[in-house]
Structures are given as structure tokens and as C-alpha cells.
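What follows is a single structure, written as C-alpha cells, with notes after it.
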Amino acid sequence: MSVLFRSFINKGRKNLFKKLLNSTQSTCRCVFFRKYSGSEKKFVSFDEIVAQRRSEAKRSIVVQVNSQASFKELYGYCSKYATIKDVHHYKNNNDEHFMLIEFGSEESLQDVLRSCSTHQKDLDTMAVNSPFLWFRTANGKTENYATPTTVLASINGIEQVNEDKLFKELVDCETVSDQIQLLYDRTRLNDLGVRLRYMVARQIECMLESLYANVAVRPFGSSINGFGKMGCDLDLVLTNTLTDEMTRAGARLVAQTARVEGGRAPWARHMQALGELLELRAAGAARVQRILNARVPIVKFAHHYTDLECDLCYNNMSGVYMSELLWLFGSLDDRVRPLTFAVRRWARAVGLTNPHPGRWITNFPLTLMVLFFLQQKTNDGHVLPTLKNLVRRAGKEDIRIAEENLNCTFLRDMNKLPPECYAQNKVNLQTLLLQFFEFYSQFDFQDKAISINEGISVRKPNSLPLYIVNPLEQALNVSRNVSFEECERLKAEVRNAAWQLEAGMDKQKGDDWGLLGLVEKKTTRGLKKLLRVGNSHRLVSVKDLFNDTDDKIPEDSVKSKVE
Ligand code: CTP
Ligand code: MG
């Protein structure tokens with residue numbers, strides 16, 4: 001390789017790495033590096049991405065401003081104290097304007113924070129250490145600030161794509177594969193969306209730092225697993241792990257600790273207190289709800305400045321490792337995330353998923369269904385390895401033990417995974433989506449469970465209608481809430497989708513060709529149209545639903561399908 005070419009590649013790699021971090025939580029279209037030579041890294045690790053995001057948040061503030069036009073003044077004011085790296089603008093649902101400013105270093109940020117006037121004296125508030133601030137209008141004459149040396153990195157940065165525009169673009173695509181890719185590109189969580197999620201985590205971390213030692217608040221779930229869309233909720237986990245240093249047996253001086261007595265377990269009391277603290281100390285947090293009797297107790301709240309719905313839980317590191325696992329699977333092949341987006345969007349459109357919890361399937365088990373499908377060894381070859389394979393290849397550095405001694409050890413460095421373990425077929429997205437629906441049209445939900453650990457279906461240990469093995473806790477079923485009727489609907493809808501997609505591949509078919517027919521909300525008219533074209537063996541009508549299942553489906557579930 002010539003020196004020039006090598007330097008070009010190295011520069012390319014650096015830029016790509018920057019792009020990777022600057023793009024969606026590393027969910028940019030190209031999530032891995034090209035392998036230029038045997039010694040170079042092809043994949044970035046999840047831990048590297050998380051460390052980068054956390055450090056970015058520690059160097060950033062979010063400032064409420066009058067309008068986008070405040071940029072110049074705010075930039076000038078802040079750059080008196082520190083070097084600015086980037087400024088992003090966004091509006092929340094209340095049409096309030098904000099600027100996220102990233103500084104060059106954590107120290108610079110401290111300089112800026114020291115320059116803040118804290119609070120109005122006449123208000124009944126106590127000082128709080130928070131990265132969420134507001135920019136007061138200048139009193140009297142305005143200073144002449146230097147002209148910003150950069151432009152705004154984003155304007156209206158968390159505005160969601162206009163659905164009409166998106167559908168128009170989908171109509172204009174050339175192939176179904178293009179439609180699937182476009183849906184992903186236009187709706188996935190963007191860089192600012194990820195930054196703001198880490199800012200909310202940082203805000204709570206700052207609030208708790210003086211109360212708990214070694215405290216960390218981390219996003220998990222769709223905010224970081226590579227499958228998040230714009231506007232997705234924010235799952236947060238609070239940990240305050242004891243380090244080896246903190247538990248040294250040789251130390252003579254030992255910290256006195258408060259005794260937590262009375263009814264609830266100590267952590268439940270802490271969660272309760274956390275709810276109070278959010279109400280009292282976290283600017284922007286509202287509608288705080290404590291759900292402490294669930295298997296994983298959570299405190300829910302809305303974050304007004306960022307328009308985020310947040311679920312905060314305690315010590316649920318398995319949730320973080322699960323997110324890491326999903327992220328790794330998504331990073332192994334460029335098709336995994338777009339395909340999952342298409343499936344999740346279709347499931348939402350046909351009403352299989354629902355934003356409210358209930359007896360239906362949710363996005364997380366649906367994602368496991370896509371991963372499981374991609375593990376199948378077809379004639380074309382498989383796309384993803386089994387989890388068993390990743391566990392077998394794990395080294396000492398991969399050992400992770402989560403709460404309740406849960407072993408979450410699996411290979412983390414995908415550079416160590418032999419190429420024959422993944423991306424073995426080159427089938428396009430259109431074919432993969434059709435094969436996904438066909439695969440589940442024929443899946444034996446009655447007797448078999450879906451297991452990404454094995455990559456092949458396994459015998460169900462009980463008679464629950466839908467059984468998807470929890471990859472990190474194999475004795476659990478992540479879809480145990482799914483009712484018989486909802487599972488029947490899932491079976492019927494995958495068959496419908498397979499038929500509909502196959503019949504609608506041709507662009508000439510009109511405005512609901514290809515993916516459009518699957519992701520547009522089904523109206524009564526849409527369903528009637530489906531029922532009219534009744535000569536395909538795959539077509540499942542409402543009547544078929546009754547026939548298939550005798551009278552086991554309650555009438556209301558069929559009704560809700562037609563509505
Ligand atoms: N999770 C889990 N076991 C479950 C349910 C959830 O480990 N039975 C973890 C997964 O890591 C999941 C995260 O909790 O990603 C958050 O769950 P949820 O918010 O339901 O799913 P998301 O993946 O965040 O998807 P969505 O965009 O619908 O919020
Ligand atoms: Mg979530």
C-alpha cells in the first residue's frame with residue numbers, strides 16, 4: 001500500500017470515526033469501519049461509544065434562549081470563558097428555543113458554570129448543580145461579541161420528519177429496499193437526540209453526585225441500542241457500584257453508613273427519595289410517578305426541556321448489557337437496523353404494538369424476532385451469529401456480572417469474530433423483509449420458542465401463547481405478557497404482510513406500493529380493499545381469523561382490527 005494511499009485511508013478512518021460519533025448514537029448507516037489491513041480495527045466497541053457520549057455530556061450545557069437568533073450573542077458570551085466546539089439549536093413542543101453547547105474540555109465547562117449567576121434571590125429555591133440553564137436578556141447596553149467561528153451544527157435539530165413528506169419520498173423510491181433504507185435514514189434517532197438523552201442522564205447524575213459515592217446515570221434501551229427512532233422514550237439506569245478500592249479489607253478507616261430501617265427494601269426507599277428529588281431538584285422534570293412494586297421498580301417522569309418521557313430504574317445493569325448486545329448485533333451488518341425499523345413501523349401501523357403497556361408485543365421482543373430471523377441458516381447463508389457463539393468466544397475482558405449474579409458475558413470486540421460468522425448472504429432488504437414475514441407465517445408458535453441464544457427454535461417450556469427467550473436470563477420469557485388473541489393477531493398479520501408485500505412490489509401499483517402498504521395506518525377502507533382481493537391462499541380475512549381459531553378470539557380484538 002502506498003504511503004499516500006495509507007494516509008488517505010487513515011484520514012478516512014478518522015473522519016469516519018468522527019462521523020460515527022456525530023451521527024446517530026453511532027447508528028449511522030455505516031456502523032463499522034472498512035477493514036483496510038489485518039491489523040486495523042473494523043468495529044468500534046459499545047463501551048467506546050458510551051464513554052465518548054458521556055464525556056461529551058460532561059462538556060456540554062443546554063441553554064434556553066429567546067430564539068435561534070440568540071446564537072451569535074450566546075456564542076460570544078460563552079466563548080469569553082471557554083472554547084466552544086459545537087452549538088446545536090432545537091425547539092421543544094412548547095415552541096421554546098434551546099441551544100446545546102459543547103465545550104472543548106470539562107474544565108472549560110466548569111469555568112462557564114462558575115460564571116453563571118445561580119438563582120434569583122427572592123425565589124424559594126436552593127442552588128443546584130445542573131447543566132440546564134437559561135440566557136438572560138442583556139441589561140442595558142449589549143456588548144460587542146466576536147463573530148462565531150462556526151455555524152450552528154443543527155437548527156430545529158430534534159424536529160421529527162413530516163409524515164406527508166416522508167410518504168411522498170417513499171412513493172418516489174425506486175425499489176422496496178430503497179424505501180426501507182429511507183425509512184431508517186429519516187426516522188432513526190439523530191445525533192442531537194442522543195446528546196440530549198445523555199444530558200438528561202448527566203443532569204440527574206450531577207444532582208446525585210453529592211448524595212452517593214461513585215454514582216452514574218446511564219441511558220439504555222432504544223436510546224442507545226441502535227434501534228431508537230426520533231422521539232423514542234428515555235430509559236435510564238442509576239448505579240452506585242462499590243469499587244474494589246472502596247471495599248478494601250485492609251483499610252482501617254471505614255465510612256459510617258446510614259441505617260435504612262422500616263418496611264421497604266433500602267433500594268425501594270432510595271427510589272422513593274429519588275422521585276422526591278426529581279420533583280424538587282431537577283429543573284424540567286414533571287409528572288413524576290413512582291412504580292415501586294414492579295419486577296424492575298421505576299420512577300417515571302417527563303422532561304419538559306427535552307420533550308422526553310423518561311423511565312429511571314436502579315441497578316438494572318442487565319438492561320444496559322442487553323442494549324449492548326442489541327447494539328453489537330446491529331453493528332455487524334448494515335441491513336439489521338433498517339430491517340428492524342421497517343418491522344417495528346409495520347407492527348405499529350397494524351396495531352400489533354401500542355405505546356401503552358398491555359397484553360400486546362412491544363418493540364424489544366419484536367427486535368429479538370428480527371435478530372432470530374437473521375440468524376437462520378438459509379441457502380443464501382445467515383446474517384447474524386448466535387449468542388451462544390458470542391458467549392463461546394468471550395475472553396476474560398468480556399466478563400460482566402449484573403445484578404442478582406446474572407452472567408452477561410459475551411464477546412464484545414466484534415473484530416475477533418471470524419468473518420464467516422456473519423453477513424454470509426448478500427440478499428437485499430426487500431427480500432429480507434419478505435422472507436421475515438414468510439418465516440413467521442410458517443413458524444410453529446404453538447410448540448416452539450424463539451431463542452437468539454440458540455439461533456434455532458427450541459421447545460416451549462410452558463403453554464404461554466408467545467415465547468421469546470430472554471437472551472440474558474434464559475429462564476424468562478420476554479413476551480410473557482402477550483395474550484392468546486394478540487399472538488393470533490401477530491400470526492395473521494405476518495401472513496397478511498407477506499401476501500401484501502409480494503403483491504405490491506411493483507412501483508406502478510400506485511401510492512401504496514411496497515413498504516407503503518405495510519407502514520400506512522390501516523383504515524377500515526384499507527382492510528376492505530385487502531378483503532376484496534380474496535384469491536390468494538395467503539390472504540387472511542377477518543372471517544378467516546374466526547375460522548382459524550374457532551371462537552377463541554374475543555370479539556373486541558377483531559373489532560379493534562377493523563377499526
Ligand atoms: N429489557 C429487558 N428485558 C425485558 C424488557 C426490556 O432487558 N423483558 C431491556 C432491553 O434492553 C430494552 C430496554 O430494557 O431495550 C428498554 O425496554 P423498552 O423501553 O420496553 O424497549 P426499547 O428497546 O427501549 O424500545 P422502545 O423504543 O419501544 O422504548
Ligand atoms: Mg425504551
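In each ligand, atom 1 is the first atom listed, and ligand 1 is the first ligand listed. Note that the structure is predicted; figures quoted are calculated from it, not measured.
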Apply ring-ring contact (aromatic ring centres under 6.0 Å, His included) to residues Y440 and F443 and explain how you reach the verdict. CA-CA 5 Å; Y440 283 110; F443 190 81; 5.8 Å; yes
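The shortest N or O to N or O distance between N363 and ligand 1 is under 3.5 Å. Ligand 1 has no N or O atom lying under 3.5 Å from any N or O atom of N470, backbone or side chain.
Side-chain rings of F227 and F341 stay apart, their centers remaining 6.0 Å or farther from each other. Ring centers of Y212 and H270: under 6.0 Å apart, within the cut-off. Between Y314 and W267, the distance from one ring center to the other does not fall under 6.0 angstrom.
As for D235, its N/O/S atom nearest the Mg ion (ligand 2) is the one called OD2. For D233, the N, O or S atom with the smallest separation from the Mg ion (ligand 2) is OD1.
Proximity of F220 to ligand 1, defined as any heavy-atom pair under 4.0 Å, is confined to the side chain (atoms from C-beta onward). Heavy atoms of R348 found under 4.0 angstrom from ligand 1: none, in either backbone or side chain.
Separating the CZ atom in R337 from the OG atom in S331 is a distance of 6.0 Å, to the nearest 0.5 Å.
Within the structure, ligand 1 lacks K229 among the residues with a heavy atom less than 4.0 angstrom away.
Between the side chain of N453 and the main chain of P471, a donor-acceptor pair closer than 3.5 Å is present. Remark: the backbone N or O of E96 is not paired with any side-chain donor or acceptor of Q64 at under 3.5 angstrom. N415 places a side-chain N or O within 3.5 Å of a backbone atom of K42 that can act as its donor or acceptor partner.
Nearest non-hydrogen protein atom to atom 7 (O) of ligand 1 is M322 CE, 3.3 Å. Of all protein heavy atoms, the one closest to atom 5 (C) of ligand 1 is F364 CD2, 3.4 Å. Looking at atom 24 (O) of ligand 1, its nearest protein heavy atom turns out to be S222 N, 2.9 Å. Protein heavy atom in closest approach to atom 15 (O) of ligand 1: G221 CA, 3.4 Å.
Proximity to D233 (heavy-atom distance under 4.0 Å) selects the following atoms of ligand 1: 19 (O), 29 (O). For ligand 1, the atoms sitting less than 4.0 Å from at least one non-hydrogen atom of D235 are 16 (C), 19 (O), 24 (O), numbered in the order shown with element in parentheses. Applying the 4.0 Å criterion to heavy atoms of S323 picks out, from ligand 1, the atoms 11 (O). Of all the atoms in ligand 1, the ones that sit under 4.0 Å from a non-hydrogen atom of N225 are 15 (O), 23 (O). Contact atoms of ligand 1 toward G319: 11 (O) (distance under 4.0 Å to a heavy atom of the residue).
For the side chain to side chain donor-acceptor pair (under 3.5 Å) criterion with E454, the lone passing option out of Q375, Q474, K388 is K388. Just one residue in the list L432, L433, L515, L429 forms a side-chain contact (heavy atoms from CB on, under 4.5 Å) with S177, and that residue is L429.
Protein heavy atoms are found less than 4.0 angstrom from atom 26 (P) of ligand 1.
Coordination check, D311 versus the Mg ion (ligand 2): failed, since every N/O/S atom of the residue sits at 2.8 Å or beyond.
Judged by a 6.0 Å distance limit and a 45° cone about the ring axis, R392 is not positioned over the six-membered ring of F410.
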